[in-house]
Each structure stands twice: as structure tokens, then as C-alpha cells.
Amino acid sequence: MDEDAGALPPKHQFSEWYNNILWRAEIMDVRYPVKGLYVWYPYGFAIRKHVYQRLRDLLDRDHQEALFPLLIPEQEFMKEAEHIKGFEDEVYWVTHGGTTPLDVKLALRPTSETAIYPMYALWVRSHADLPLKIYQIVNTFRYETKQTRPLIRLREITSFKEAHTVHATWEEAQQQVETAVRLYKEFYNGLCIPVMISKRPDWDKFPGADYTIAVDTIMPNGKSLQIGTVHHLGDHFSKTFEIKYEDASGEQQYAQQTCYGISERCIAALLSVHGDDKGLVLPPKVAPVQLVIVPITIGKRHEDVIASARSLEQELRQAGFRTKLDTREMRPGAKYYWWELRGVPLRLELGPRDIDAGKVIAVKRTGGKVSFDREDIKSGVAGVLAEISDAMRQRAEEHMKDRLCSVISIEPLTAALNDGKIAVVHWCGGRPCGDAIEEKTNGSILGTDVRSAYVPSTEGACIICDKPGKATLVGRVY
RNA sequence: GGGGUAGUAGGGUAGCCUGGUCCAUCCUAGAGCGUUUGGGACGCUUUGACGGCGGUUCGAAUCCGCCCUACCCCA
């Protein structure tokens with residue numbers, strides 16, 4: 001047998017593995033002839049659909065979904081000084097309508113604050129209108145100058161979920177930040193992706209924010225990937241865009257705002273964190289196909305087996321499982337590899353022997369084979385899918401634990417980063433020391449106020465200046 | 001930001017320096033037929049490409065220019 005037939009590059013060659021799996025598993029076609037723009041294949045898009053449906057379900061508890069325009073007039077975009085500084089090098093401008101130059105240039109949103117907040121100024125009148133919690137899921141454009149990478153660094157972010165909230169007080173907005181962080185933790189827990197939550201250093205916060213809380217995960221090569229951010233905007237934008245409300249005593253007050261976002265980087269994390277040498281491994285909750293039934297048809301039993309498989313499929317589908325019956329003219333082994341590559345959590349095998357014995361064989365994508373009695377199939381499948389989720393979550397958490405370490409001086413820190421680790425150090429919080437850490441290690445400060453089960457929130461002497469410092473995450477980043 | 005290398009069929013390669021029916025070759029690609037089918041089947045037949053635009057030339061995958069895209073290295 002040819003062991004190499006159809007093999008992926010091994011996952012420890014992560015970059016090759018990643019590029020390869022995107023087209024082999026039909027997630028993205030990278031051949032679109034514009035830098036930084038990629039095409040979602042139907043299968044990739046189906047994964048996206050299920051992931052974003054989960055996000056919608058979480059947000060819909062107390063947010064409303066809306067939709068704002070893609071184009072932002074120049075004068076609105078240019079209102080908030082810090083915000084402009086943060087984005088002006090990355091903005092695409094629409095300058096013509098047909099052949100006619102436009103009087104007012106239009107920006108393709110790199111993010112939507114300046115599209116949404118002029119409208120919020122009209123919508124918010126009184127304290128009774130607050131809190132206002134709205135989100136949208138849209139595409140955004142950023143003229144990235146660094147190397148682009150599918151799902152990770154894009155010129156068109158096709159799947160940007162951004163929420164924008166308005167509150168009466170700074171404290172309420174702060175509480176909303178915490179609520180959003182909890183919501184993101186829940187979201188990623190559902191995807192079985194462990195995260196590190198920290199407060200970004202001041203120079204790395206969102207342009208125009210009081211502070212930024214970031215959600216990061218660790219990729220297989222040890223680099224951290226930012227997969228969510230939550231910003232307390234204070235009154236920066238409300239003052240710029242005149243978002244005011246009348247409080248209970250009849251006074252006009254500037255509103256306090258937050259915004260928070262997640263992009264298709266969550267899909268990059270989903271694929272990368274769980275995948276293995278055979279291909280994708282998808283959590284049952286978001287797998288487009290949760291169960292694939294592979295009928296084993298031999299000679300005369302063909303019709304018999306197919307009929308049995310169809311009734312099995314129908315029963316499972318009615319029970320609410322996303323089920324696929326694979327009746328293609330291929331050998332069973334070829335189908336196994338096909339579905340394993342695509343990350344289907346559970347494979348059911350049904351052949352003459354099983355039918356005669358009243359059994360169904362189930363093979364978990366995470367490893368292991370079980371045999372169900374045909375009549376118990378529904379509860380059996382439900383149980384095994386739950387086991388798969390647990391196994392995935394545990395495996396991913398162990399990977400994260402392995403990648404985290406604590407160091408107390410610069411040389412070991414550099415060594416740890418070179419070794420593909422994310423390190424916890426003590427840092428005084430000062431910019432000069434922060435710059436020194438980043439320069440000496442070629443790494444980045446992810447943040448302080450770390451919230452992770454694996455990172456103790458100790459205090460200690462700053463790794464550079466020896467003054468009192470707080471636990472700080474340092475790593476190489478995407 | 002600075003440098004380097006490359007782009008040939010669905011994927012992988014050769015050909016380029018030394019222009020000339022060379023439109024080659026392999027596959028996990030496609031189509032067709034037949035035999036197969038409990039972990040990637042096999043045989044036969046067949047389809048299909050020189051990144052884009054322009055230039056040089058009797059003639060360009062090959063030489064020149066510009067553009068686009070990708071990958072690698074350094075900051």
C-alpha cells in the first residue's frame with residue numbers, strides 16, 4: 001500500500017499544512033487574482049455558517065442585529081483624530097462614480113464606528129434609549145501592506161462581527177466590556193478553543209479607545225493569534241459624533257460606548273487548533289456534516305445495504321443530526337480518508353455483517369471505534385458526539401498549557417519564544433521597558449491583567465527595570 | 001519598509017541561458033468504458049496549459065519592458 005497517497009504535510013510543518021488543507025478540505029480557494037482576497041468554497045462557507053450562527057445565537061440574547069452601509073463619507077471618517085491615525089494608511093477610497101470624480105470621497109469601511117455613530121447620534125435621545133446594543137456581520141476592507149494570509153491577514157475581511165453598544169455611564173460600559181468578554185469565552189468554549197484574555201498595552205489598544213481587552217489563542221507553531229477584541233470607548237466617539245442623551249434630571253450627557261469584534265480568524269483558529277496530520281477535526285457543534293454513513297456494499301448485498309443505510313440516515317436526520325450518506329462509487333477506504341480530511345466528527349459504517357448482527361460501527365475522528373446496537377443508535381450517537389467535544393477541548397487545553405511558561409529574565413524569555421512558547425513575565429507597565437522587551441526578544445507584549453486558568457496573576461520585579469511589575473504575556477504574534 | 005526567487009493543464013515538474021510542430025512528462029485531477037469494493041483498486045481510451053498586457057521577430061513558453069500574483073530572507 002502506498003502510505004503517501006494523498007498525504008498532507010504533517011501538522012508540525014504548520015505553514016505548509018495550513019495552506020494545503022485550505023484547498024484540500026475545500027475551505028478557501030486562494031487563486032483569486034487580487035492580493036489578500038480569497039474565495040470561500042461551499043464547504044468552508046458551510047463551516048462559517050454554523051460558526052457564525054452560534055455567534056448570532058449568543059448575541060441575540062440581548063443584542064439586535066442591524067446593517068450599516070459599506071461606504072463612509074470622508075468627512076465622517078475623518079472626524080475622530082486617533083481613529084484616523086490608526087486606520088488612514090489602510091483605507092481603500094472610492095473616488096469615482098463611473099468616470100465622474102466624486103465631490104466627497106467614500107471610504108470602504110475598515111471598521112464601522114464612523115458609519116454607525118452618526119446614526120447613533122440621531123437614535124439616542126434619552127436615558128430610556130439606553131443601553132443600546134447592536135451588532136452587524138459584514139465585510140470590511142483594509143489595505144494590508146504586510147504579507148497576507150487566508151483567514152488571518154486579509155484585505156477583505158469577509159466575516160466581521162462587530163457589536164456597538166451605548167451606555168449612560170462609564171461603569172455601565174465597563175460592565176458591558178466584561179459581559180462581552182464572557183460572551184466570547186462562551187463562544188470559544190463552544191468551539192473547544194482555549195483562549196487567553198488580557199488587557200492590551202496602551203500603544204496597542206484600539207485607536208480611540210480607553211482600553212482594549214483582547215482574546216488570543218495559540219496556534220500550532222506557537223504564535224499567538226488575536227481572535228477577538230473588546231474596547232471600552234469611553235466618550236471619545238460620543239463627543240466627536242455628539243451622541244448625547246437627556247438624563248433623569250433633564251441634563252444632556254455624553255454617552256459612554258463600547259465595541260467588540262470577531263472576524264473569520266475564529267475559523268482559522270478552529271481549523272488550526274484542532275486539525276491533525278490527517279486533516280481537519282471539527283467540533284460537532286459546528287461541523288457541517290456531523291455524521292457520515294459509509295455503506296459497505298459487497299456484491300449481492302448492495303441493494304440491501306443501501307436500503308438499510310437510507311433508513312439509518314433518515315432516522316438520524318429526523319433526530320436532528322446533520323447526516324450525510326455517502327453512496328459514491330468509491331472504495332470504502334477512500335471515503336474514510338475523504339471525510340477524515342474534512343473533519344467529520346463521527347463516521348458510521350454499515351455493512352452486511354453489521355446488518356445481520358443488528359449493529360452499527362462508529363469511528364470517532366478523535367480516535368477510537370465503538371459498536372452500537374442498531375436500535376440504540378440515536379442516544380449512542382448523541383453520547384459519542386459529546387465525548388468527541390470533550391476530548392477536543394481537553395486536547396486543545398493541554399496544547400495551550402504546554403505552550404505557556406513563566407520566565408524571570410530576558411535571555412530565557414528569548415529562548416522560550418524561539419522555542420515556540422508564550423511566556424509570562426513581570427513588567428512594570430512602562431513604555432520604555434515594554435519596547436525593550438519587544439526589541440530584545442523580537443516578540444510582542446500581548447497584555448496584562450491576564451485571565452487564564454494557566455497563568456497565575458502574580459506580581460514581581462519587572463524583567464527590565466526591577467520595579468514592581470504585573471504578570472504579562474509575551475509572545476510571537478500573527 | 002528592503003532584498004531575493006518564481007508563475008507552464010485540477011495538482012506537481014521538464015523545457016528557457018542557446019528563439020524554430022515540443023505543445024513534453026508524472027499524479028492523489030477531470031471525462032468515458034469494463035473489472036472491482038470491510039482502510040486510499042486496476043486496465044484501456046481520452047480531456048486539458050505556457051500569469052496578464054505590450055514589444056522585438058518571418059516565428060516567442062523561451063529574449064525585452066511594464067503590471068499582477070505567490071513564496072522565502074532581512075528590518
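Protein chains get the first letters and strands the later ones, always in sequence-line order, with residue 1 at the start of each. As a basis for the values below, the full set of heavy atoms in this structure was taken, side chains included, without hydrogen atoms, waters or symmetry mates.
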For [N] versus [M], give the span between their [atom1] atoms, rounded off to a whole number of Å.
N	M	atom1	answer
B/rU21	B/rU62	C1'	16 Å
B/rG52	B/rU8	P	10 Å
B/rC50	B/rC23	P	14 Å
B/rG34	B/rC16	P	44 Å
B/rA61	B/rU13	C1'	14 Å
B/rG7	B/rU46	C1'	28 Å
B/rG51	B/rC68	C1'	8 Å
B/rA9	B/rG2	P	31 Å

Atom pair distance, as rounded to whole Å: [atom1] in [X] and [atom2] in [N]:
X	N	atom1	atom2	result
A/Lys359	B/rG38	NZ	C1'	17 Å
A/Asp29	B/rA70	CG	P	13 Å
A/Lys146	B/rA70	NZ	P	17 Å
A/Leu341	B/rA29	CG	P	13 Å

Exercise. Any ion pair linking A/Asp356 and A/Arg301 (charged N to carboxylate O, less than 4.0 Å)?
Worked result: yes
Problem set entry | Pairing of A/Glu340 and A/Arg347 as salt bridge, 4.0 angstrom limit |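 Yes, charged N to carboxylate O under 4.0 Å.
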Out of [options], whichever nucleotide has its closest atom nearest the side chain of [X]:
X	options	result
A/Thr145	B/rC71, B/rU37, B/rG1	B/rG1
A/Glu340	B/rG38, B/rC71, B/rG39	B/rG39
A/Glu329	B/rG10, B/rU36, B/rG38	B/rU36
A/Thr148	B/rG39, B/rA70, B/rC72	B/rA70
A/Arg31	B/rG38, B/rG10, B/rA70	B/rG10

Just by distance, no angles: are the side chains of [X] and [Y] close enough, under 3.5 Å, to form a donor-acceptor pair?
X	Y	result
A/Gln53	A/Arg48	no
A/Arg109	A/Asn139	yes
A/Tyr38	A/Glu156	no

Exercise. Looking only at side-chain N and O atoms, does A/Arg24 come under 4.0 Å of OP1 or OP2 in B/rU28?
Worked result: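 So the side chain of A/Arg24 is outside the cut-off, no N or O lying under 4.0 Å from OP1 or OP2 of B/rU28.
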Exercise. Does the side chain of A/Arg331 get closer than 4.0 angstrom to OP1 or OP2 of B/rA41 through an N or O atom?
Worked result: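 Result: yes.
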For this session: Taking the six-membered ring of A/Tyr143 (Phe, Tyr or Trp), confirm whether the NZ or CZ of A/Arg155 is under 6.0 Å from its centre and within 45° of its axis.
Result: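 Positive - A/Arg155 is close enough to the ring of A/Tyr143 and near enough to its axis.
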For this session: Represent RNA chain B in dot-bracket notation, 5' to 3'. Only Watson-Crick or G-U wobble pairs with both distances under 3.5 Å count; pseudoknot-style crossings use [ ] and interstrand partners use |.
Result: (((((((..((((......[...))))..((((((.....))))))....(((((..]....)))))))))))).
Considering only nitrogen or oxygen atoms on both sides, find all protein atoms under 3.5 Å from nucleotides 66-69 of chain B and state each distance.
from: B/rU69; atom 1: OP1; to: A/Lys35; atom 2: N; distance (Å): 3.1

For this session: Applying ring-ring contact (aromatic ring centres under 6.0 Å, His included), name anything that partners A/His232, two or more places apart in sequence or on another chain.
Result: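 Partners of A/His232 by the ring-ring contact (aromatic ring centres under 6.0 Å, His included) criterion, ordered by chain and then number, come out as A/Trp170, A/Tyr211.
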